[in-house]
Amino acid sequence: MKRHLISAADLTRDDALLVLDTAEELAHIAERPIKKLPTLRGRTVVNLFFEDSTRTRISFEAAAKRLSADVINFSAKGSSVSKGETLKDTALTLQAMGADAVVIRHGASGAPHTLANSGWLRGSVVNAGDGTHEHPTQALLDAFTMRRRLNDGKGDLEGRRITIVGDVLHSRVARSNVLLLATLGAEVTLVAPPTLLPIGVETWPCQVSYDIDSTLAKSDAVMMLRVQRERMNASYFPTEREYSRRYGLDEKRMAALPEHAIVMHPGPMNRGMEIAANVADSPRSTIVEQVTNGVSVRMAVLYLLLGGSEPAVTTTATEENAK
Amino acid sequence: MSTYLIKNAKVLGGDAQDVLISDGRIAEIGTGLAAPDATQIIEADGHVLLPGLVDLHTHLREPGREDAETVETGTRAAALGGYTAVHAMANTDPVADTAGVVEQVWRLGQESGRCDVHPVGAVTIGLNGERLAELGAMHESAANVKVFSDDGKCVHDAVIMRRALEYVKAFDGVVAQHAQEPRLTEGAQMNEGTVSGILGLRGWPAVAEEAIIARDVLLAAHVGSRLHICHVSTAGSVEIIRWAKSKGWDVTAEVTPHHLLLTDELVRSYDPVYKVNPPLRTAEDVAALREGLADGTIDAVATDHAPHPTEDKDCEWAVAAMGMLGLETALGIVQQTMVESGLLDWAGVADRMSVRPARIGRLDGHGRAIAVGEPANLVLVDPSARRTVEPSELASKSANTPYAGLELPGRVAATFLRGVPTVIDGKLA
Amino acid sequence: MTKASPNSGSRPSDLDPASARAVLEASDIDRVVTRIAHEIVERAKGARDVVLLGIPTRGVALARRLAERLEDIEDEKVPVGALDITMYRDDLRLRPARALERTEIPADGIDGKLVVLVDDVLFSGRTIRAALDALNDIGRPRAVQLAVLVDRGHRELPIRADYVGKNLPTSQREKVQVLLNEYDGRDAVLLGTRGDAAPVPPAATPEAK
């Protein structure tokens with residue numbers, strides 16, 4: 001693995017499988033009376049959050065703490081950052097405090113990339129969501145969830161059909177998922193109104209459709225993306241009602257899914273908007289599971305980046321096959 | 001007054017000749033010239049002699065951002081880049097929207113003595129696009145402003161643009177439009193295309209430039225005015241300008257060196273040194289711009305030299321300032337992209353970097369033929385030299401060059417401003 | 001030597017083939033496993049509360065074989081599992097992060113049980129130290145014992161085995177390699193010199209036993 005996790009594209013197939021397999025092992029820790037491993041004792045993980053995201057932050061915090069790392073939460077609100085301190089000075093401060101890893105959530109696309117490549121700090125940088133760019137650990141936990149539900153927790157997602165519906169244009173979750181799922185061999189279809197698809201999406205390793213109903217019957221998993229409130233008044237679509245009618249997942253649409261198919265959402269949800277309440281609460285929904293799995297996956301990422309003298313070395317596919 | 005004899009210079013890339021400079025003018029051109037009383041004899045050794053370069057688009061940052069550049073440091077950079085005249089853009093602080101500010105900039109240029117500085121006046125007060133600035137007063141000032149631009153911002157209101165185009169006809173002025181439809185580029189961070197989609201950076205679509213250019217060439221035709229388009233960056237813009245020129249309308253355009261070379265693929269590094277407005281475009285756009293410059297659709301190379309202090313570039317992409325240095329590397333980029341590719345000869349370079357920009361800016365003393373009796377505004381270029389761009393060695397006060405570490409062809413050996421060397425042996429005189 | 005997947009198969013050998021000689025053959029291993037099973041029954045007075053935990057990779061296969069023998073002897077199912085000690089190693093920071101092996105604790109857990117840890121080679125003792133730490137986070141056994149196929153000496157911690165298949169005096173420069181049918185297609189214990197000339201500190205080479 002690379003030293004940082006900035007983009008899902010940083011992960012080779014072997015890297016991704018290593019993370020998922022490791023997470024699968026670590027998931028058992030949560031079932032034990034003592035949910036803690038000594039592995040990262042003495043290591044410092046900083047959660048550097050320039051955007052509010054309680055669920056992502058506590059997920060990383062739980063992951064780091066279960067590995068016995070010291071966790072420092074650095075929230076931009078009410079800190080020196082809100083007084084105009086630059087990312088650079090913040091990074092230099094964290095370096096001076098001896099951060100072994102910085103988990104960064106930032107509103108600007110590319111901020112984690114800049115942090116990792118600037119030379120401002122030596123530790124590993126883990127992207128916990130940057131602007132409308134990427135959110136690689138979310139994609140990993142989504143893939144982990146799909147693999148558990150669809151593949152018995154093993155192997156890749158070769159040939160699995162995944163439909164991702166909603167605001168792809170502004171979604172870091174969609175970007176990371178498309179990249180990772182393609183790496184794992186899945187067939188991804190993005191469904192959105194044309195206004196919420198980025199220019200150039202035809203070059204992505206996926207299919208694109210404007211019609212949710214034509215994709216559901218052959219989907220193994222359907223992932224609903226959150227529609228941000230601020231999009232609703234910017235003419236990306238006429239009304240909430242129309243969006244919900246054309247792109248929302250209601251019970252009728254859920255019934256069109258194959259028997260085994262699962263319904264996913266990265267949260268937080270707009271119930272009644274992109275997903276009907278009954279769908280979100282149905283047994284097919286993995287929404288709560290995704291949260292649980294997030295901790296295991298983030299433990300795996302932190303362990304593989306920080307657990308050794310350097311990030312985990314992945315064997316190549318050919319060596320793998322030779323065994 | 002001093003006398004200089006340049007021996008064996010290829011005038012506009014032609015046959016080697018000797019050029020004698022005396023009293024600020026070209027005194028003699030021929031072979032085997034002798035000047036026993038010359039102050040200095042410059043062995044040109046086959047270097048190319050061009051008229052001093054004229055930049056239509058320079059940000060000297062003074063007044064207001066003297067931490068980024070001053071007229072003094074900017075004109076040093078200009079001289080080293082082979083320029084004898086630059087147009088200082090109006091987006092200073094305070095904005096150059098009054099006779100007072102343009103006269104201040106003009107005077108600072110006079111004091112520097114290395115390069116003529118012609119202030120550009122703002123079209124609208126405070127660049128706000130709402131009310132015309134006192135264009136006539138700026139023209140009548142000591143700065144004698146002929147070029148007006150809200151550069152950095154687009155004169156987006158069609159009525160204001162029409163009025164400005166009409167109004168400057170009274171004194172043969174020109175409006176230089178920064179073509180950027182504001183609604184289509186709200187929060188824009190880079191070219192809208194495949195790369196922006198992947199990087200999750202908000203796009204600056206080509207159509208936002210092309211739509212304004214299309215509107216403005218029609219407006220200029222309607223009111224019978226001159227129009228100049230700043231920093232054309234897309235293939236579509238080239239097409240529209242080509243069409244407008246085919247109609248015989250008085251439309252001119254410029255392209256920056258960086259748009260002739262760099263593409264939006266570089267943004268994948270999220271390195272803010274590549275953040276510029278208009279943004280770096282695609283390889284197809286670069287090819288169309290080179291072609292447009294070669295066939296004369298685009299009249300001029302203009303640097304859009306935009307210095308920024310380190311802290312405005314040593315940060316995350318989203319908060320970084322837009323713009324890159326250009327004065328000291330422009331000629332090398334043009335040599336690499338246009339001359340070495342066979343698209344332009346040296347006479348063509350002289351036309352696009354001196355003759356036409358001087359004509360657009362109505363600068364009488366610049367962009368002249370290299371002929372006896374003409375003002376000795378000259379630049380001597382060694383096209384065979386190569387150099388690696390080292391930001392810390394640039395004369396500009398800032399270091400935000402996108403070419404750091406890049407090897408560029410050509411070297412400015414000497415620059416003469418009205419017969420006085422501002423650069424000699426590649427160094428400031 | 002880091003593996004991308006858990007329970008990976010045969011290890012790429014760094015044993016110099018020219019020097020390798022078998023110190024235990026398949027029949028020897030078979031006999032030794034049977035003997036250890038009998039010893040466990042004798043010491044534990046039956047196998048009623050015995051839980052066998054193999055340390056991956058080859059300890060797991062040995063634990064399964066032991067369980068079979070115990071069942072033959074006692075005619076009773078013996079819980080067998082696997083205990084990965086990777087996250088408890090004391091040399092994590094000396095090498096790149098490595099993939100985890102599977103930990104499988106039998107359904108009834110280990111509280112109040114007699115846990116017999118099973119490994120192929122006992123060397124520095126650091127693996128067993130890590131295993132004891134790992135056990136500590138899983139439950140509280142009545143007692144913990146250790147069974148190994150080969151004890152090659154050179155202990156760095158005060159740890160000893162309760163059941164030893166073969167005591168094998170070795171030099172630090174030598175390497176012991178256990179081959180098991182489940183992974184390697186044959187049963188044997190090989191002794192030879194290292195393929196790579198440079199001696200590596202034992203703590204940093206847990207695989208090289």
Side-chain angles (χ1 to χ4, degrees), chain A residues 6-9 48 50-51 81 84-92 104 106-120 127 129-136 167-176 178-179 190 196-206 208 230 234-235, chain B residues 182-210 234-236 263-275 279-285 308-322 400 404-405:
Chain A
I6 306 299
S7 161
L48 177 58
F50 290 86
E51 270 186 352
V81 173
E85 186 176 87
T86 63
L87 180 62
K88 177 178 180 175
D89 289 323
T90 304
L92 294 175
I104 177 176
H106 202 289
S109 301
H113 186 284
T114 300
L115 193 63
N117 293 285
S118 59
W120 298 331
N127 182 1
D130 63 327
T132 55
H133 178 222
E134 285 212 44
H135 194 352
D167 182 1
V168 176
L169 178 62
H170 300 98
S171 176
R172 49 196 175 209
V173 176
R175 280 176 182 74
S176 287
V178 167
L179 292 168
L190 297 175
L196 290 175
L197 288 167
I199 295 281
V201 72
E202 67 281 357
T203 64
W204 294 14
C206 62
V208 177
E230 64 255 36
S235 287
Chain B
R183 285 279 283 149
L184 285 172
T185 53
E186 273 173 19
Q189 296 289 321
M190 66 170 297
N191 178 47
E192 182 168 69
T194 309
V195 181
S196 67
I198 290 164
L199 296 183
L201 289 172
R202 200 172 303 177
W204 197 133
V207 64
E209 174 175 306
E210 293 153 5
T234 78
T263 70
D264 64 352
E265 288 293 326
L266 292 163
V267 183
R268 289 181 191 272
S269 68
Y270 286 106
D271 186 339
V273 80
Y274 300 116
K275 188 172 177 182
L280 301 178
R281 305 286 187 184
T282 67
E284 291 74 46
D285 293 308
H308 288 290
T310 311
E311 63 270 23
D312 288 348
K313 286 290 191 181
D314 197 11
C315 57
E316 54 272 39
W317 180 277
V319 301
M322 297 187 183
N400 55 305

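Order of the sequence lines sets the chain letters (A, B, ...), proteins ahead of strands, with each chain counted from 1.
For the set B/Ser196, B/Pro272, B/Pro205, B/Cys315, the entry with the most heavy-atom pairs within less than 4.5 Å of chain A is B/Cys315. Heavy-atom pairs under 4.5 Å with chain A peak, among B/Gly197, B/Ala318, B/Gly193, at B/Gly197. The choice from A/Ser109, A/Pro198, A/Ala108 that makes the most heavy-atom pairs within less than 4.5 Å of chain B is A/Ser109. Comparing A/Lys88, A/Glu134, A/His170 by how many heavy-atom pairs each has under 4.5 Å with chain B, the most go to A/Lys88.
Within the 3.5 Å criterion, the main-chain N or O of A/Gly200 finds no donor-acceptor partner in the side chain of B/Thr194. Listed for the A/Thr132 side chain is a donor-acceptor partner under 3.5 Å among the backbone atoms of B/Gly200. In this structure, the side chain of A/His133 does not engage the main chain of B/Leu201 through any donor-acceptor pair within 3.5 Å. Judged by distance alone, with hydrogens and angles left aside, the side-chain atoms of A/Arg175 form no donor-acceptor pair with the main-chain N or O of B/Leu199 at under 3.5 Å.
To the nearest 0.5 Å, atoms CG (A/Asn117) and CG (B/Asp271) are separated by 9.5 Å. With rounding to the nearest 0.5 Å, the separation of CD in B/Glu316 from NE2 in A/His113 is 14.0 Å. The CH2 atom of B/Trp317 sits 14.0 Å away from atom CG of A/Asp130, with the distance rounded to the nearest 0.5 Å.
For the pair A/Trp204 and B/Ile198, the tightest heavy-atom approach, listed with the atom from each and the gap, is NE1-CG1, 3.8 Å.
Of the two parts of A/His106, only the side chain, counted from C-beta on, holds a non-hydrogen atom closer than 4.5 Å to a non-hydrogen atom of chain B.
Side-chain atoms of B/Asp314 and A/Trp120, non-hydrogen and from C-beta on, do get closer than 4.5 Å to each other.
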